[in-house]
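So the structure is just underneath, and the comments pick up after that.
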Protein chains: 2
Amino acid sequence: MSPYDPSAFPPFAVTVDLVVLTVREHVLSALVVRRGEPPFQGRWALPGGFVRADEDLAAAAARELAEETGLRAQSPGSSGGPGAHLEQLATFGDPQRDPRMRVVSVAHLVLAPDLPAPRAGGDARSARWAQVGELLGSGDGSALAFDHAQILAEGVERARAKIEYSSLATAFCPPSFTVGELRRVYEAVWGVALDPRNFHRKVTGTPGFLVPTGGTTTRQGGRPAQLFRAGGATVLNPPMLRPEV
Amino acid sequence: MSPYDPSAFPPFAVTVDLVVLTVREHVLSALVVRRGEPPFQGRWALPGGFVRADEDLAAAAARELAEETGLRAQSPGSSGGPGAHLEQLATFGDPQRDPRMRVVSVAHLVLAPDLPAPRAGGDARSARWAQVGELLGSGDGSALAFDHAQILAEGVERARAKIEYSSLATAFCPPSFTVGELRRVYEAVWGVALDPRNFHRKVTGTPGFLVPTGGTTTRQGGRPAQLFRAGGATVLNPPMLRPEV
DNA sequence: GATCATAGTCGTCTGCCTGACGATAAACAG
DNA sequence: CTGTTTATCGTCAGGCAGACGACTATGATC
């Protein structure tokens, strides 16, 4: 076969889909948009869209993210500063996943701090934050369009695994946060309760994880808590252990 | 934009590329094929090819693997039995990664036991096992075609990370193997020396990791060693710790 | 103002696991 | 028989996590 002959390979549409996760009111939530047209009209789906002809995959994901949320992406490599964490998740290419045509979707994972209500995308689709537990609840009418439930599940599992051995949980926090706020992120993502004292010892004892800003806050009530920002460390060694079941 | 209009999205070629790793003579090695045509004619590249019109991504990877090596793939989920471990690695879609056209490549990672010399593919390209260290050695003439050095590097890093917390290292071993053979897999993949006594304690003490077959062997010389096969456990908790630096 | 509820922070203790390493066992080569 | 190689069992000290007691500093309530 000659790779120069366009008829030698089948043409695919390539899209990016986004699993945008945040922690709202102590609950892990994902960004979903309502589909305005068939198939799956009226159903909720992950945000996404076609990759443009001269666009890198990560750039397409960052563009879609900005269109849906106004967030600037923070690709791996660049560290600190504002913007959400963005990384490639996995690619989904079942021939039947889109009834219209052959679509290969490169899913991306975005971890964002708590945001104001999402703004409507350029195409005026309505968007909202939905609790992950409800979106993945088995067999109810809230099922996502296409194979998006599977994509979301993989994104959630990736996030759950990654905050174990990386400092990525800080991506869910505002630039300045307390140890308690960080703990509530872990608790929401993992769906477990953690001992505040052991958690405090662990995160403050890991070099480079947290840097004190000097300030304090009482926005959570109770005794004033020290404020921290994310340190330079990206890997946690030894990792934060997820309690077994 | 109407998704029904083919002109509404740019057409892409979609390929799968394979990072096939094995341990040969105590060295981590990857399968490479020599390119018979431009671009990069004569250079070594990762095996791969176009995804067919009605073919799933994993199926395309398994097909290419069989064409190049005769190996049957063992996708995640199915466990035990013969065949190599296959999992999706990452997707590479830089607009410039192939000078001929826009190609999005879904890279897959294959972990295989030591094999006889690779057989030529159906298209008669020559194939060989190359030491990973040489393929990734900086700046020499052995550089791989396209962005395959980057793909290989990600595959190697994935393998290094995954044998830490999973039983995947057994995928490099024949169906029946000794603790010493398994240790040499870890040493080759990580490029470090491990203490045989602590390693033995760790792997035999992790429930479900190894199952004794009852037999022994002296194929490594020295005192006869017990033979094991991989147990049902897929995750190692606590993980096997990779020595620092 | 005293009391209570809430949240943060510091310590202690115990058990498990790892790294370092000594010692013994069972094969083969000379 | 002796040395070499590999396998396997044991011992010991240090590090870290889980369980949990104690104290501190705020705001809310009586």
Side-chain angles (χ1 to χ4, degrees), chain A residues 25-26 163-165 173 176-188 190 192-229 233 235-245, chain B residues 25-26 163-165 173 176-188 190 192-229 233 235-245:
Chain A
E25 296 163 6
H26 301 189
I163 64 173
E164 242 181 311
Y165 59 88
C173 294
S176 185
F177 55 88
T178 70
V179 172
E181 288 164 347
L182 183 62
R183 175 169 49 81
R184 278 179 277 276
V185 165
Y186 275 91
E187 292 178 332
W190 284 345
V192 298
L194 299 176
D195 185 287
R197 296 157 291 186
N198 292 336
F199 183 87
H200 189 277
R201 176 182 62 191
K202 174 68 177 173
V203 297
T204 57
T206 300
F209 190 8
L210 299 183
V211 178
T213 66
T216 62
T217 182
T218 60
R219 61 189 172 212
Q220 298 291 338
R223 169 175 165 180
Q226 248 187 113
L227 283 170
F228 296 86
R229 57 179 177 79
V235 293
L236 264 43
N237 197 0
M240 180 86 58
L241 293 183
R242 172 162 32 165
E244 344 224 337
V245 185
Chain B
E25 296 163 5
H26 301 188
I163 64 174
E164 239 180 314
Y165 59 89
C173 294
S176 184
F177 54 89
T178 71
V179 172
E181 289 164 347
L182 183 62
R183 175 169 50 82
R184 278 179 278 275
V185 164
Y186 275 91
E187 292 178 332
W190 284 346
V192 298
L194 300 176
D195 185 286
R197 298 157 291 189
N198 293 336
F199 184 87
H200 189 277
R201 176 181 62 191
K202 174 70 176 172
V203 296
T204 57
T206 300
F209 190 8
L210 299 183
V211 178
T213 66
T216 61
T217 181
T218 60
R219 61 187 172 214
Q220 297 291 337
R223 170 176 165 181
Q226 249 186 114
L227 283 171
F228 296 87
R229 57 179 177 78
V235 293
L236 265 43
N237 197 0
M240 180 87 58
L241 293 183
R242 172 163 30 165
E244 340 226 341
V245 185

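In what follows, every chain begins at residue 1, and chains take the letters A, B, ... in the order their sequences are listed.
- You'll find the side chain of A:E187 stays beyond 4.5 Å of the side chain of A:F199, heavy atoms only.
- Looking at A:P238 and A:K202, their side chains come closer than 4.5 Å, going by heavy atoms from C-beta outward.
- Taking CG of A:N237 as the start and CZ of A:F209 as the end, the distance is 13.0 Å to the nearest 0.5 Å.
- Residue-to-nucleotide proximity on DNA chain D shows that, of A:P243 and B:T204, the 5′-proximal contact is made by B:T204.
- Between B:R183 and D:dA7, a side-chain N or O to OP1/OP2 separation shorter than 4.0 Å is present.
- Between B:H26 atom NE2 and D:dT6 atom C1' there is a gap of 12 Å when expressed in whole angstrom units.
- Non-hydrogen atoms lying under 4.0 Å from DNA chain D are contributed by B:Q220, B:G221, B:G222, B:R223, B:P224, B:A225, B:Q226, all within residues 206-227 of chain B.
- Note on A:H200: a side-chain N or O is less than 4.0 Å away from OP1 or OP2 of C:dT9.
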Tabulate protein N/O versus nucleotide N/O from nucleotides 12-17 of chain D, keeping only pairs under 3.5 Å, one per line.
residue	atom	partner	partner atom	Å
D:dA17	OP1	A:K202	NZ	2.7

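- The distance from the CZ atom of A:F177 to the CZ atom of A:R219 is 10.0 Å, given to the nearest 0.5 Å.
- Residues A:T216 and A:T218 fail the side-chain proximity criterion, which asks for heavy atoms closer than 4.5 Å.
- Atom C1' of nucleotide C:dC13 and atom CG of A:D195 are separated by 14 Å, given to the nearest angstrom.
- Formation of a donor-acceptor pair under 3.5 Å by the B:S176 side chain with backbone atoms of B:L227 is not found in this model.
- Contact annotation: side chain of A:R197 to base of C:dG8, donor-acceptor pair absent below 3.5 Å.
- Considering only heavy atoms from C-beta on, A:L182 comes within 4.5 Å of A:L210 through its side chain.
- In this structure the side chain of A:M240 reaches within 4.5 angstrom of the side chain of A:V203, judged on heavy atoms.
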